[in-house]
Amino acid sequence: MARVAVANHAKLSWLLLRGGLRQLAGRANGHPFLRWPLVPLKADRLLISPQDLRTADATRASEIYAGRFAFAGKVVVCDGRSVFEMEPPSDEWAATLSGFGWLRHLSAADSAITRANARALVDEWIALQGSWHPLAWRPDVLSRRIISWLSQASLVLHEADTRFYRRYLRSLVRQVRYLRHTAGDARRGVARMQAVIALTYAALCIAGQSRHIKSTTERLTHELERQILPDGGHAGRDPGAIIEILLELLPLRQAYKSRNLAPPQALLNAIDRMMPMLRFFRHSEGTFAHFNGMGVTPADLLMTLLAYDETRGAPFSNAPYSAYQRIEAGGGVLIMDTGRAPPIEMSLEAHAGCLSFEFSSPKQSLIVVNCGMPGTARENWRQLARSTASHSTVTFNDASSARFVELATFRRVLGGSPMLGGPSHVAVTREDGADAIVLRAAHDGYADRFGIVHDRTLILAADGSRLEGEDLFLATDGGAQLSTEQDEFAVRFHLHPTVKATRLTDGHGVMLMTPNKEVWTFSAHQDRVELEDSVYLANSEGPRRTAQIVIRGHARTASRVQWSFQQATPAAPGGAGTARRTRDEEEPRLPL
């Protein structure tokens, strides 16, 4: 353990040093001598314009035309001033504005007014921030803007005069040139991938950039091989990264073909591997599982991507490189995190949720979830969302199974908080039988601090109507008694906010009713359960209050907790139940 700690601290020191050097390099790259080339930049036309797969809302075009910009949960009304002169309410809002992804809404409206509005807004940005801006020229924002300008070129350039056309292309080529110098400053992971994809788009789409196709293709191949795992997952272990990257790779594949060039084999292989993972992480009711930074499921984008899945086969059950397990039986779906933390440089968004699971019923209702991440104001919730207590698993002494470096220096230099420690060994076995599927996993994330190994067994019946579980707390010395200072546990089951929960009077169970009137019984057998407040962060309308089932105890006196979720048959109308209402909501009718 001491060696691991020393190695982790060495990695952190190197990561911090490298991040600081990149920031200095970024400032140097922002010098006018690099932003303004001695030799005039040449680009007389665009050769192709890639497709934007992100869905658009034409009604947003009228809001933008009226000077009302609603991004990242904040609204700014311009009142006749340029939106690029307004004080941004948050960095998220400013990054979305400067990324120009909202141009797709103007394109959806498809009118002369929206096209003129798009040109005016692009022209304002060139005049006010086109030479330099600390946020607008940040690599991740710059990448998003280059892709947006290329994808929406037909909107912006249709009916444009020659002077605007040339000004637009000069600015675009200048941005591409700057990104070529600073792409390495982008944060490891999706941001770095998008920067390389933006450069590849530019080399394929802009006349005069063809000489860079070979070099950008090599960079793209390197990033794909580094980030996309053999099973199609992402190295950062965030399911949402698969959606974000595929949204860019699919049009990029077509862009190569439009230029009569063969797409690199790494690109084709990555797409083929990632497509099945879309189905792997998808619950019975259509949303993505909430692990390691996954927030609101963009259902429209997910359906768009699934339309490109040519195999349309059943999802596989084991993702060994991404370290997730999937159990599907009778239409019920259970997905479990069985992995260690990702590499430190890609752990800035990772969560301490080892052995947490989510469960959706055969009738397409989410029952057990993790809290997830909100779509906006992520910084306000990040520390809470990443903790083990925000996941449907076991915590000891209210501590997380991994530690996070919360120093302001790391957040400023790296753009996040790296994960340290956590499980170093996760053992997984499964048995697919005719009557049930058995999944067993154990992790040592608490072994170093508390001398405890958490062992969890899940059994899902073949018809999906019953889920049985057992949590074992094993002493690392082979069975010696645990001290009272280190053995307090809490087994948590966060419920989806649409599930109505009612605690039974015997104190050992909870009745659950889903929106489609399914009734489930949670039973803790010999242990008492409590219904406590929780929050579901991955809600499309913002964080939403919900409940969590919690079983508490001491591993020294209760080293085994058994529990189950059982689908019940609704009682006949008028029947009386034995449940006691504990929340401000209507009680479900219970079986007699």
Side-chain angles (χ1 to χ4, degrees), residues 25 29 34-54 99-101 103 137 139-154 156-157 165-166 168-186 188-228 244-274 308:
N29 285 328
L34 287 179
R35 295 205 307 269
W36 302 97
L38 299 177
V39 179
L41 297 171
K42 290 185 178 181
D44 55 357
R45 68 190 188 281
L46 291 180
L47 301 174
I48 58 173
S49 179
Q51 183 183 6
D52 189 346
L53 296 182
R54 290 173 172 80
F100 279 83
L103 282 176
W137 286 73
D140 57 323
V141 180
L142 179 56
S143 304
R144 184 73 258 152
R145 183 169 58 253
I146 290 172
I147 295 174
S148 297
W149 280 24
L150 290 171
S151 300
Q152 303 302 330
S154 58
V156 178
L157 299 179
Y165 193 100
R166 290 176 178 171
Y168 176 87
L169 284 177
R170 280 199 302 269
S171 176
L172 185 56
V173 173
R174 185 176 298 120
Q175 294 174 59
V176 171
R177 183 179 186 271
Y178 182 74
L179 182 61
R180 195 170 290 119
H181 287 283
T182 59
D185 301 335
R188 287 280 183 89
V190 176
R192 181 78 60 85
M193 180 74 76
Q194 288 183 332
V196 175
I197 290 174
L199 291 173
T200 310
Y201 270 133
L204 293 169
C205 298
I206 305 175
Q209 296 288 310
S210 299
R211 65 184 184 278
H212 297 292
I213 291 178
K214 182 179 179 181
S215 60
T216 56
T217 297
E218 290 174 353
R219 293 180 73 172
L220 176 66
T221 297
H222 174 75
E223 283 302 322
L224 289 171
E225 292 175 346
R226 185 171 192 170
Q227 295 194 34
I228 307 305
E244 287 298 316
I245 294 174
L246 274 175
L247 284 170
E248 309 298 354
L249 292 187
L250 290 170
L252 183 60
R253 179 179 63 180
Q254 186 58 44
Y256 273 100
K257 294 178 180 178
S258 298
R259 290 294 309 274
N260 294 319
L261 296 172
Q265 193 60 45
L267 170 60
L268 301 178
N269 292 342
I271 292 175
D272 289 342
R273 294 198 305 269
M274 295 171 75
Y308 285 85

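- With contacts defined as side-chain heavy-atom distances shorter than 4.5 Å, the pair L249/M274 qualifies.
- Closest approach of Q227 to V190, counting heavy atoms only: OE1-N, 3.8 Å.
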Check your understanding: side chain to side chain contact (heavy atoms under 4.5 Å, CB included) between R145 and Q175: does it pass, once the steps are laid out?
Key -> CA-CA 9 Å; R145 183 169 58 253; Q175 294 174 59; 2.7 Å; yes
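- Note that the CZ atom of R192 and the CD atom of Q194 stand 12.5 Å from one another [nearest 0.5 Å].
- Of all non-hydrogen atoms in P263 and L267, the two that sit nearest each other are CB-CD2, 4.0 Å.
- Distance check: Y201 OH to S143 OG gives 12.0 Å after rounding to the nearest 0.5 Å.
- Ring-plane geometry between W149 and F100 is classed as perpendicular, the angle between the planes exceeding 60 degrees on a 0 to 90 degree scale with a lower cut at 30.
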Exercise for review: Decide side chain to side chain contact (heavy atoms under 4.5 Å, CB included) for L250 and R253; before the verdict, give the C-alpha distance in whole Å, the side-chain angles of both, and the deciding distance to 0.1 Å.
Suggested key: CA-CA 5 Å; L250 290 170; R253 179 179 63 180; 3.6 Å; yes
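- For the residue pair S148 and L103, the shortest heavy atom distance occurs at O-CD1, 4.5 Å.
- Separation of atoms CG (L46) and CD1 (I206) is listed at 6.0 Å; rounding is to 0.5 Å.
- Atom CD in E248 sits 11.0 Å away from atom OG1 in T200 (nearest 0.5 Å).
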Exercise for review: Carefully, step by step, assess R54 and S151 under the rule side chain to side chain contact (heavy atoms under 4.5 Å, CB included).
Suggested key: CA-CA 11 Å; R54 290 173 172 80; S151 300; over 6 Å; no
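- Residues L53 and Y308 meet the side-chain proximity criterion, which asks for heavy atoms closer than 4.5 Å.
- Summarising the geometry, atom CD1 belonging to I271 is positioned 8.0 Å from atom CG belonging to L252; distances are rounded to the nearest 0.5 Å.
- The two residues A183 and A195 make their nearest non-hydrogen contact at CB-CB, 4.0 Å.
- When all heavy atoms are compared, the tightest approach of L204 to R259 is O-NH1, 2.6 Å.
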Review point. What's the verdict on side chain to side chain contact (heavy atoms under 4.5 Å, CB included) for W137 and T182, showing C-alpha distance, side-chain angles and the deciding distance?
Key: CA-CA 10 Å; W137 286 73; T182 59; over 6 Å; no
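- Atom-to-atom distance recorded for I146:CD1 and C205:SG is 11.5 Å, nearest 0.5 angstrom.
- Side-chain contact between R188 and R226 is present, with heavy atoms from C-beta onward closer than 4.5 Å.
- Tested against Q209, the residues T216, V176, L199 include a single side-chain contact (heavy atoms from CB on, under 4.5 Å) partner, V176.
- Of all heavy-atom pairs spanning A207 and L47, the tightest one is N-CG, 3.9 Å.
- Looking only at side-chain heavy atoms (C-beta outward), L150 and L172 come within less than 4.5 Å of each other.
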